[in-house]
Protein chains: 8
Amino acid sequence: MERATLLRLLRDVARGRLKPDAALHRLRALPAEDLGFARVDHHRTVRCGFPEVIFCAGKTPAQIARIARAIHRAGTPLLATRADRAAFAAIRKVVRGARYHAVARCVTAAAGTDKRRRPAPPELALLSAGTSDIPVAEEARVTAEMLGCRVEAIYDVGVAGIHRLLGHTATLQKARAVIVVAGMEGALASVVGGLVDRPVIAVPTSVGYGASFGGIAPLLTMLNSCAAGVAVVNIDNGFGAGYLAAMMARP
Amino acid sequence: MERATLLRLLRDVARGRLKPDAALHRLRALPAEDLGFARVDHHRTVRCGFPEVIFCAGKTPAQIARIARAIHRAGTPLLATRADRAAFAAIRKVVRGARYHAVARCVTAAAGTDKRRRPAPPELALLSAGTSDIPVAEEARVTAEMLGCRVEAIYDVGVAGIHRLLGHTATLQKARAVIVVAGMEGALASVVGGLVDRPVIAVPTSVGYGASFGGIAPLLTMLNSCAAGVAVVNIDNGFGAGYLAAMMARP
Amino acid sequence: MERATLLRLLRDVARGRLKPDAALHRLRALPAEDLGFARVDHHRTVRCGFPEVIFCAGKTPAQIARIARAIHRAGTPLLATRADRAAFAAIRKVVRGARYHAVARCVTAAAGTDKRRRPAPPELALLSAGTSDIPVAEEARVTAEMLGCRVEAIYDVGVAGIHRLLGHTATLQKARAVIVVAGMEGALASVVGGLVDRPVIAVPTSVGYGASFGGIAPLLTMLNSCAAGVAVVNIDNGFGAGYLAAMMARP
Amino acid sequence: MERATLLRLLRDVARGRLKPDAALHRLRALPAEDLGFARVDHHRTVRCGFPEVIFCAGKTPAQIARIARAIHRAGTPLLATRADRAAFAAIRKVVRGARYHAVARCVTAAAGTDKRRRPAPPELALLSAGTSDIPVAEEARVTAEMLGCRVEAIYDVGVAGIHRLLGHTATLQKARAVIVVAGMEGALASVVGGLVDRPVIAVPTSVGYGASFGGIAPLLTMLNSCAAGVAVVNIDNGFGAGYLAAMMARP
Amino acid sequence: MERATLLRLLRDVARGRLKPDAALHRLRALPAEDLGFARVDHHRTVRCGFPEVIFCAGKTPAQIARIARAIHRAGTPLLATRADRAAFAAIRKVVRGARYHAVARCVTAAAGTDKRRRPAPPELALLSAGTSDIPVAEEARVTAEMLGCRVEAIYDVGVAGIHRLLGHTATLQKARAVIVVAGMEGALASVVGGLVDRPVIAVPTSVGYGASFGGIAPLLTMLNSCAAGVAVVNIDNGFGAGYLAAMMARP
Amino acid sequence: MERATLLRLLRDVARGRLKPDAALHRLRALPAEDLGFARVDHHRTVRCGFPEVIFCAGKTPAQIARIARAIHRAGTPLLATRADRAAFAAIRKVVRGARYHAVARCVTAAAGTDKRRRPAPPELALLSAGTSDIPVAEEARVTAEMLGCRVEAIYDVGVAGIHRLLGHTATLQKARAVIVVAGMEGALASVVGGLVDRPVIAVPTSVGYGASFGGIAPLLTMLNSCAAGVAVVNIDNGFGAGYLAAMMARP
Amino acid sequence: MERATLLRLLRDVARGRLKPDAALHRLRALPAEDLGFARVDHHRTVRCGFPEVIFCAGKTPAQIARIARAIHRAGTPLLATRADRAAFAAIRKVVRGARYHAVARCVTAAAGTDKRRRPAPPELALLSAGTSDIPVAEEARVTAEMLGCRVEAIYDVGVAGIHRLLGHTATLQKARAVIVVAGMEGALASVVGGLVDRPVIAVPTSVGYGASFGGIAPLLTMLNSCAAGVAVVNIDNGFGAGYLAAMMARP
Amino acid sequence: MERATLLRLLRDVARGRLKPDAALHRLRALPAEDLGFARVDHHRTVRCGFPEVIFCAGKTPAQIARIARAIHRAGTPLLATRADRAAFAAIRKVVRGARYHAVARCVTAAAGTDKRRRPAPPELALLSAGTSDIPVAEEARVTAEMLGCRVEAIYDVGVAGIHRLLGHTATLQKARAVIVVAGMEGALASVVGGLVDRPVIAVPTSVGYGASFGGIAPLLTMLNSCAAGVAVVNIDNGFGAGYLAAMMARP
């Protein structure tokens, strides 16, 4: 669309419908809907294949609702992460059909035009090392499902009981990408990386105590993985992992 | 048992009682009771000599209670660490005879079959440098006693008054292993390491302020101990120290 | 193959060709060629789609050569990273046709059976922010090409001259995945992430000085990227990025 | 004034109006109004071109009010940063016409003699990468306006949608200095630095999560900026950036 | 120029001299001379008021010389920092009149058209805390002088002998900006910030030992300066400070 | 006393009043009153010239009161630091005449025998850089006064207004030791170190924000002080500074 | 022995053979052979079950040789770690039969009286994750063998190929303690901890690059191990692990 | 002297011998001999009781010699630290009688007028934990002796053999201050702090490996010492400790 807009503008100039000066002005002001405190980037769907996501932390419910309405009106699907119930309440008033995922702390709303689902969605595997890592994993699941993937979730399969994991090797090996969510020492990603021939997206979590340092320990573990094929996203960034896995899984 | 199970399975295949395909399936799915959000690893008792411990931080009372019941039903002793009173209340409803250790923040319940105590339990010494380190030390004590050890606890013997410690040298020297719990600068472990000929398990605590950095200072002190024979566990990890000491002390 | 081997073994047991005890033994000892100081994992090609790679740092030329020969004899392609000229000299003696990539510090050798190239290799884009980042980028390029990809490299397009980058938007948008190699402040990954709808693999480099801290600065930048769809590998890990991109690009 | 005071004192000595001993005493005790817990440095306006600013964090409302009154009575403009509503309430009682800027968390009051505004105030551009960075940006805006600048604020133009920024290039290029406020990875400063020929003052914010580490990530990004002409102030230090920009913009 | 080029291009489209498609192509490919391993951004002089600077660390003498020649041929002044004698030797062969500044480790060459110096160059003050900080200070001096400033350098005036500094207050107060170069604890910047009413650019150096941690100590000191009006550049970044000061000093 | 006790014991052995075995036992068990959770080291007064101080953080009011009573009963002066009002309330019940210092968060009680004050107490100077550093400074003052010193406190004399400090040079120069309490960048200690010929005890405080990192910035500044004669204690450790200064000041 | 010496001394006092004053003097000066620059602690064998070990780093060959001779003459076995060939050459001249272990960088010499080996030495398992970790592992092996253990070494069994490890489960399970040496991400310790019911001593190594930070990554991984029963020693501290394992394995 | 100079100047003004303007100029330019690259602060002897010390690291032999000559000519004693043999050779040419202390890496030269030694020099105790800490300890010894102290050095008394230390308690208790030099975990300072009633100056050294992190481990240990009365100087800063101890010991 951006390319089309640009070409149309240049054609208007060529046809004398638009003055060079006016064209220059337009070229400089690419469309980004200005809400005063936030700019909704409607081109993003075109440019990156997915609309803007609302990262709710640090925004007021009123701000969140205004952004959500702007996105929803543009006819694109909506995803709001790190959303508490107050944020959901505010969104629900302006976006009909918005749904709250309590564990994942996400709000989603399908776009009107989003119904034509792809016949065979790509498959992802999603592992969590412990029970406490589940909220981050769920954020990844909600995100990836929003983006049209099917997600096979296997929780609480940390490396201290390696046999629990090995029993799921078949599931892992048929996935297009594997998301591994782990706190404490984060060793699960390395073990999984050695079992599969698909990309592994590792999400360190801030679950742990003492020398975990809020997730630094699993982050370093994952960055230093002796298994090739492991990429890392930010601590607790379930959204980023789900987004990235969906991007990878797209045919 | 795992070995036995495996051999039996192979014998069933050999005798034609089990198809290779079915055997393959079973081999992949080793027993781990699936509670949806957590997998209780009943093989662990066999494999590691002790059942799974519930690390309560980050779990809801309902989740804790469900895991506790699953462990208890399997006839193994129960230990839940970092348990607040709400967790205890939830456990007590499903595990008869569960007991709360307030300072140690632990819940314990003996297994039905756990009564035959070893005639002469191995002896451990447990030191804390200060009064504020006692909760972590108590977590170690409860854990080690659950695992059949006798624990001699000597608290508040930090190195600023080295004579307080030296008066207990005899007790230290007859223990099979010594646990040293210390915050602030954590120097106690090195001094003890130079006094005994048994393994010293050092537990740094987050007790302190300023440049203690939540336990980094004693952690580094202990890792750099000039005394040989000192091993370190995570900050505030009383459970880990008690578990390890009990493992070492086993004949 | 592993699955096949396992099934065959179980069938042998079913047919009485193999005793359960012997089968048990074999199940425990999966093939890994033992060179005394290193175990070459020939199953890895099957399990992960690529042979073991030799990470030469910390190994003697003699050790490297022995591992290289073992890999090469198994008929799989060879990749040795962080290889200096001494390592190459040692490999060349045992692997005919080995080739040295000086800037990338890699040695490669095609497998005998590797010739049937895929008709239309997947395409990757590879960016470096500065001239000094090129060696790491080249390690990524050599790796990805070994794995059957075509790589479009665009170097020295850091964000201080954003127009240099924007001129290449078309190339970026048709790639299946984009590798971004950047030191100093590492901002390139975020900008690229906002321009494309494909996964971005970010490689922080240790290029920089002062508060770059050997690559920590770009590492944190990339982990905290405000653009979704960015995953990070270890500092200077060109190999990891190339490997991962190839995995993603595979149809 | 300080120079004048000093010269006058020396002339008094030369004229015999002041004894050398008394002069010595005065030279040692330069004027700083002593409130017991704080010393208000009235010479500062002369020495540095601006009165003392009250940094409210860690001070009680009563302390803040006493300092504010002392500053106001001296006839200089007042600026109190990190002020909550309680601080404002206390100031309002002693400084007539004090005004609260809620988002910026600042209190301001013009001096009686401050009315003769400069005819053409210097112009600053002020960018924020995200919506959550706005409070820090507003602190910078309030400060710079207090110091006689005109501030053009452009918010939510982070690098993940680089086109939002490029549309404002003209505004940036006519400013005398540009303030860039950014959390997460802080890449905006480098991109802006490459677009303008004026000083860029970068303010990292603690907005972000995970490996942002309370602002360390954008701080390092900005310090390592590959664009020349970027200077950095402390994390969340909107005041410092506004002050510095005003200093630079003065003719 | 960029603006002019763009307008001319649009006028060519308006006049039918250029097809919209071709214009689109040109808009995307802004000029950046491609040397294969580096892109020289000739627009930078226009956009940022100064040509590209060669940061020599991590580049070969041959690469440096090629970039230097490209810059010099474009008729712009040349500055190469972190240049050793080998780099200078390579540059001298392709750029007549290049000059080596040994302490500052810089190479400079005036542009042919650079002769019309501004009649009254803006004045800067440049302080170093110790003797060992001088090389970094000299890098700042060479850079600022290249950019048309006059620099008053006062070295070895650290705060341990505060009177050495106070004797130079007059010089500080008449400068348009002050650069402070300091290692060890870096306290000089705060003291100077309290003495002047002009921007202070603080450069932490890696001079020091022990807990200086390669410049982290003075970096943190300067970022946390209690004096307003202090901005910080990267550790040892004399170039950045000189560049920024010159930008600020421009009328 | 310890020496005397030991000698007496040996004499008792020599005179046959004490059996060697019994003497051995006594030598091992030096007196330390055991309260179960804490050991009060009554020998400390003898060994170190001052009784044990109660560090209240992490202890319950009941524990604090029991320790306080044990110390007080032994006839030694009492000092409890980091004491909140609940701790004071508990102490007051068991120690008559205990006094609460609210800003310093300390409880003190003179010993019955402590009245004979030294005729001319040694003098200390105590500086704080800002108003927010006063609580830590007050902890130092209360401690040093408990130990018989006279303390001249000069608050809010940070280096951003160096003249405020210089006006007090005479006071500094007649003190036997100088305590400098400073947060933010902590530069005050270096400046003072260059003004006096007495030991400077520097106390970094956690006052500050952003890259102060809870006191790391002033801690590093002080450790790296370019002025000789500066020693550092832990962050916010006013007690330690007061104690040390009193030790130094003793004739 | 110390106890015996002490008792004998007291008896001498009781019998009038020794004056109390002289006894006091002796009690204070416990035997430690003074070499001027080092004190050899001959009591250590008695107190800790093993003689002093020479940590050669930072000592001159001459110093090392003098300490070695003092130890050897006392009739105790000798172990010198971090010994280069120069250190070995110096030791060989004064200790007949000293032997150099090149990979482990250790020198050993049996004591004359050390020959009566225990009939059935306790068994240890020793794992290394990679080939580059072998020198540290060998230091552990040499140390443990010096202390009378039998060591089963299994090298290059990192978690990226988990099956290589699983094939050795039987060996692991019959060892009295397991030493795990791992660099990079150090995940091996956690996996092993979940497989065995014996103490696991984890040794992080500085093998790795980038965000391994000289061993911090595996150190944190091991400290945060989700498997209970894992204790950690310092980075690269093979000696400490071997010593500790031998202590644990002693009956 | 400074005070006297100032008073004399003011009297000259009072008597009309000096014009106020000229006096103003002199007041601003306090004497500091300018060598171009360094300013020798001759007032320091007066102000701080000791001349400037040359910190040789980062200075050329020629620079060092010029500073040394300036100091020596002023008739004050000379101390140069971190001096290698080249520095010594350069000094020896300009300062007759200069002496090199090889282990301490210091050069000293007495002043002509320095001969009248105080009849009973104050006594210091100086401890090192290990043999490798001796160079830093020697730097402290040389410094303190230059400043007129008598130093009792006791080396290699680390806490792993606490009895070695306890044998020296008497020596410790009669010293006016104790310097403790320790690397690795640095626990010695805390133990000593609990034994004496005099100030303990702790010097962390960079001796150690692994998680010692170049001295951070002992630095944190010492800062967090549970013994009151311990102050810390920078890592390896033997000079600072010797200087400070001498200041404390002065009557």
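We name chains A, B, ... by the order of the sequence lines, and we start the count at 1 in each one. Model, not experiment: these values are computed from the prediction.
- Between A:Y243 and C:G229, the shortest heavy-atom distance links the atoms CD2-N, 3.5 Å.
- Of the listed residues (A:N224, A:L220, A:I201, A:V200), the greatest number of heavy-atom pairs within a distance under 4.5 Å of chain C belongs to A:N224.
- Between the CZ atom in C:R176 and the CE atom in A:M247 there is a gap of 11.0 Å [rounded to 0.5 Å].
- Residue contact with chain A, scored on non-hydrogen atoms closer than 4.5 Å, is absent for C:I235.
- Under the 4.5 Å side-chain criterion, counting only non-hydrogen atoms from C-beta, A:L223 is in contact with C:L219.
- A distance of 13.5 Å separates CE of C:M222 from CG of A:N234, quoted to the nearest 0.5 Å.
- To the nearest 0.5 angstrom, C:M248 atom CE is 5.5 Å from A:L244 atom CG.
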